[in-house]
Amino acid sequence: MPISPVRVRFAPSPTGRFHIGGARTALYDYLIARQTSGQFILRIEDTDRKRFVSGAEEELVESLHWLGIEWDEGPDVGGPYAPYRQSERTEIYKQHAHALVESGHAYYCFCSPERLSRVRQEMQKRKQPPRYDGTCRRLDPAEALARVDAGESHVVRFKTPRQGTTTAVDLLRGPINVENATLDDFILLKSDGLPVYHLAAMVDDHLMHITHVLRGSEWLPTFPLHVLIFQAFGWEQPTWVHLSVFLNPSGKGKLSKRQTLDPKSGVKAIHVLDLQEMAYLPEAVTNWIALMGWSYDDRTEQFSMLDLIQKFSLEKLVPSPAAVNFSKLDHFNGIYIRSLSLDDLVGRLRPHFEAAGLRPTVDQLRSIAPLIQERIRTLDDAVEIAGFFFHEHVEPDPVGLIGKNMDAEQSALAAEKAHQVITAQVSMDPDVMEPALRQLAESLELSAGQLFGILRMAVTGQKVSPPLIESLEVIGKQKVLERIDRAVQLLETLP
RNA sequence: GCCCCCAUCGUCUAGGGGACUAGGACGUGGCCCUUUCAAGGCCAAGACCGGGGUUCGAAUCCCCGUGGGGGCACCA
């Protein structure tokens, strides 16, 4: 466990929507930074102008804020190693690329993209790994420099050693040995003068004094190259930690956007903001994400952000891929909803009712919230289960009004009697109402369940609802009586 | 095709040579509670991928196989 302050960075590229995989990496970064009183840096890797998506950075920022993940240095807050947007650091990368050429670790390449793809195709045809054929590697450096000075279009390639092996050490996996001969001469600087990830990220990680690099395991194949780059510069390496990928709930294949469209997949949403929109609590999402690929012990499952900061450790990360389990998110969300204070719950509920076009008052919500708190899994469920409180009329299914093991006539009679009983009560207080209605059931030789079932459908229009007696009080005497009247009418239309 | 990584219940995981009749959680099934639905309580089914080693002893270490995943761009 790192005890001295770490400097970690989350370095997404603004090329699309922000998903839970990125959120987990950012979360872990944040946790060790806070735990060690270190710094968490947000860096935007926007060196690919073709893939740039406008609004992506904004979504990222909004997502992290929502989850409660805050950074100490970044494009918006600045910091001692600014700028934190790679597109604003192009000169730095150019200098470093050229330094590598001068030290003999890289070379200029003048091959056209057309030639490159031709070479690649041929190699594939011969069932060989598609790699650069090394044409420009054999060029005389002075001659190459002259061509560059003459303005010829070029890139900078890393001169990967042809012999030997490179050992890259991952914190979770130990040493990974790779034959250098299987590595390609990767491009470091593109012909437009912008760097590629392999260069930019290494340069920035060094310049920004990053001590621990947490990133996805999709970087494992190029990991040795990154080590080689550090060695070429003569820099000390950070601690490398490769996080496993998220798999689809089935465990088959990487979690992907395409699967989201298939309801059978079990995928609810893979984008953080979609989870927010689906009315999940950020603390539930955080807890859920933290536990995919990490565990504390053999029993503890609930962790607040503070708990996580205290208890998280890189060593307990699991290197194997994890299939996401959305039913577990539902479970956590239920736990967190039930743990909310009344005021907190009311505050969080309100926007969701309003989004549904309802205008509940705080007092109304305060009386309803306790009735539904332990029955909802997401905040949106509340609108579904408790919408009837706010509707002017309910539309019960006439057949549904018939009590269990009863006919329409008996049910109508029971409803009428209930109308009388409720009318006679001076108060809607459950302590008064419940005994009165139970007594009615008894005198009608009905079970409480039979009578309550009829009234439930009459008054809520639903087969399932919050507890009936308490609901009656909230709905109010007048509306209750109206709705029962209506139910009696409906029952009388039945044969 | 080549390279890399991974491998315990359906899923997330505990386990780091004897404490394992392999523990917990989600989900599933049953029971209890109960005015519906939940919540809660109790119970149950359910896993060490296969084969070789090493060792007195292997879920734990090594090798091979198999399976799964990832990568092979002037993307990140």
Side-chain angles (χ1 to χ4, degrees), chain A residues 11-16 45-48 50-51 109 111-113 116-117 120 123-124 126-131 153-157 168 170 172-173 176-179 182-184 186-192 194-198 200-201 215-224 242 244-245 247 249-254 266 288 291-302 316 318-332 334 338 372-377 381 385 434 437-438 441 447-453 455-457 460 462-469:
Chain A
S13 62
T15 53
E45 310 220 326
D46 55 349
T47 54
D48 185 358
K50 288 188 224 70
R51 293 207 308 154
C109 173
C111 295
S112 67
L116 258 22
S117 73
R120 203 173 298 129
M123 290 183 137
Q124 270 170 336
R126 281 182 295 159
K127 302 225 167 173
Q128 282 178 343
R131 289 212 298 272
S153 177
H154 65 279
V155 300
V156 175
R157 281 185 188 273
D170 175 81
L172 308 179
R173 287 159 256 258
I176 297 166
N177 301 305
V178 177
E179 299 286 334
T182 65
L183 263 23
D184 203 357
F186 288 87
I187 286 173
L188 300 177
L189 206 63
K190 297 181 273 184
S191 56
D192 62 5
L194 293 179
V196 140
Y197 172 89
H198 307 305
R215 39 142 53 167
S217 64
E218 64 268 23
W219 293 112
L220 243 18
T222 46
F223 183 18
H242 292 87
S244 63
V245 291
L247 267 28
S250 62
K252 305 279 180 215
K254 191 161 130 178
W288 175 59
L291 253 21
M292 281 191 278
W294 175 83
S295 68
Y296 177 64
D297 59 17
D298 65 344
R299 50 196 68 255
T300 319
E301 291 244 289
Q302 268 188 69
K316 298 214 76 177
V318 180
S320 48
V324 295
N325 184 348
F326 284 89
S327 61
K328 198 140 186 172
L329 170 60
D330 284 340
H331 170 250
F332 278 127
R338 273 172 256 131
I372 62 173
Q373 185 159 23
E374 64 188 27
R375 282 161 240 273
I376 56 177
R377 304 217 99 176
D381 290 348
I385 193 176
E434 180 159 5
L437 287 174
R438 282 188 186 278
S447 71
Q450 284 175 305
L451 177 62
F452 288 11
L455 293 179
R456 181 187 316 285
M457 181 56 86
T460 70
Q462 299 169 184
K463 198 162 80 258
V464 306
S465 80
L468 179 69
I469 309 293

Would you indicate whether the side-chain heavy atoms of Pro467(A) and Glu434(A) approach each other to under 4.5 Å? no

Of the listed nucleotides (U35(B), G10(B), G69(B)), which one gets closest to any side-chain atom of Arg456(A)? U35(B)

Give the rounded distance in Å between these two atoms: CD1 of Ile187(A) and C1' of C72(B). 14 Å

So, is Arg438(A) near the phosphate of U35(B), with a side-chain N or O under 4.0 Å from OP1 or OP2? yes

Classify Pro321(A) by what it touches in the nucleic acid, base, sugar-phosphate, or nothing, heavy-atom distance under 4.0 Å. sugar-phosphate

Using a heavy-atom cut-off of under 4.0 Å over every strand shown, decide if Pro224(A) touches base, sugar-phosphate, or nothing. nothing

Using a heavy-atom cut-off of 4.0 Å across all strands, would you classify Pro195(A) as base, sugar-phosphate, or nothing? sugar-phosphate

Have a look at Val318(A) and say if it touches a base, only the backbone sugar-phosphate, or nothing, with a 4.0 Å heavy-atom cut-off. sugar-phosphate

Under 4.0 angstrom between Lys254(A) side-chain N/O and G68(B) OP1 or OP2: no

First of Ser217(A) and Leu183(A) reached from the 5' end of RNA chain B, by closest nucleotide: Leu183(A)

Flag the pair Phe332(A) / Leu291(A) as yes when at least one side-chain heavy-atom distance between them is below 4.5 Å, and no otherwise. yes

Whether Ser295(A) contacts A14(B) is assessed here as follows: a side-chain N or O lying under 4.0 Å from the phosphate OP1 or OP2. Is that the case? yes

Tell me what Leu291(A) touches on the nucleic acid: a base, only sugar-phosphate, or nothing, going by heavy atoms under 4.0 Å. sugar-phosphate

Under 4.0 Å, heavy atoms only, any strand: does Glu45(A) hit a base, just the sugar-phosphate, or nothing? sugar-phosphate

Any side-chain heavy atom of Phe186(A) within less than 4.5 Å of one from Arg131(A)? no

Pairwise side-chain contact, Lys190(A) with Val196(A), heavy-atom cut-off 4.5 Å (strictly under): yes

Nucleotide nearest Ala448(A) when distance is taken to its side chain, options U11(B), U35(B), A76(B): U35(B)

Among the candidates G70(B), U35(B), G23(B), find the nucleotide nearest to the side-chain atoms of Glu218(A). G70(B)

Does a side-chain heavy-atom distance below 4.5 Å link Leu183(A) with Pro224(A)? yes

Could you tell me how far apart Trp219(A) (CH2) and G70(B) (P) are, to the nearest whole angstrom? 15 Å

Proximity to the side chain of Pro221(A) - top-ranked nucleotide from C12(B), G71(B), C26(B): G71(B)

Below the 4.0 Å mark, does G10(B) have OP1 or OP2 next to a side-chain nitrogen or oxygen of Lys328(A)? no

I want to confirm an ordering. Mapping Trp294(A) and His331(A) to their closest nucleotides on RNA chain B, which one lands closer to the 5' end? Trp294(A)

With a non-hydrogen cut-off below 4.0 angstrom, is Pro12(A) in contact with a base, only sugar-phosphate, or nothing? nothing

Using purine N1 to pyrimidine N3 plus N6-O4 or O6-N4 for Watson-Crick, or N1-O2 and O6-N3 for G-U wobble, each under 3.5 Å, what pairs with A7(B)? U66(B)

Does the side chain of Tyr197(A) come within less than 4.5 Å of Asp48(A)'s, by heavy atoms? no

Do the non-hydrogen side-chain atoms of Leu455(A) and Leu468(A) ever get within less than 4.5 Å of each other? yes

Counting only Watson-Crick pairs (N1-N3 plus N6-O4 or O6-N4) and G-U wobbles (N1-O2, O6-N3), all under 3.5 Å, who is the partner of C56(B)? G18(B)

From G70(B), C74(B), A76(B), nucleotide with atom closest to Arg157(A) side chain: C74(B)

Out of C6(B), G23(B), C3(B), minimum distance to the side chain of Thr182(A) belongs to C3(B)

Would you indicate what Val155(A) reaches in the nucleic acid, counting non-hydrogen atoms under 4.0 angstrom: base, sugar-phosphate, or nothing? base

Measure the acute angle between the ring planes of Trp288(A) and Phe326(A), then classify it against the limits of 30° and 60° as parallel, tilted or perpendicular. tilted

May I ask you to say what Thr222(A) touches in the nucleic acid, namely base, sugar-phosphate or nothing, with a heavy-atom cut-off under 4.0 Å? nothing

Select base, sugar-phosphate, or nothing to describe what Asn325(A) touches, counting heavy atoms under 4.0 Å on all strands. base

Check every atom of G24(B), C74(B), A76(B) against the side chain of Pro113(A) and return the nucleotide holding the closest atom. C74(B)

Would you say Arg215(A) reaches G70(B)'s phosphate, i.e. side-chain N/O to OP1/OP2 under 4.0 Å? no

For the side chain of Ser191(A) and the base of C74(B), is some donor closer than 3.5 Å to an acceptor across the two? yes

Which part of the nucleic acid, if any, lies within contact of Arg338(A), taking any heavy atom under 4.0 Å across all strands shown: a base, the sugar-phosphate backbone alone, or nothing? sugar-phosphate

So Gly293(A), base contact, sugar-phosphate only, or nothing? Heavy-atom distance under 4.0 Å. sugar-phosphate

Looking at A14(B), C72(B), U35(B), which one has an atom nearest to any side-chain atom of Pro130(A)? C72(B)

Without decimals, in angstroms, what is the distance between Phe186(A) CZ and A73(B) C1'? 10 Å

What is the nucleic acid contact for Arg377(A), judged by heavy atoms within less than 4.0 Å: base, sugar-phosphate only, or nothing? sugar-phosphate

Between C74(B), A38(B), U35(B), spot the one nearest the side chain of Glu374(A), thanks. A38(B)

For Leu194(A), answer base if it contacts any base atom (sugar-phosphate contacts may also be present), sugar-phosphate if it contacts only those atoms, and nothing otherwise; contact means non-hydrogen atoms under 4.0 Å. nothing

Between C5(B) and Arg173(A), counting only base atoms on the nucleotide and side-chain atoms on the residue, is there a donor-acceptor pair under 3.5 Å? no

So, OP1 or OP2 of U13(B): does either fall under 4.0 Å of a side-chain N or O from Arg299(A)? no

Using the C1' atom in both, what is the distance from A59(B) to G70(B), to the nearest Å? 26 Å

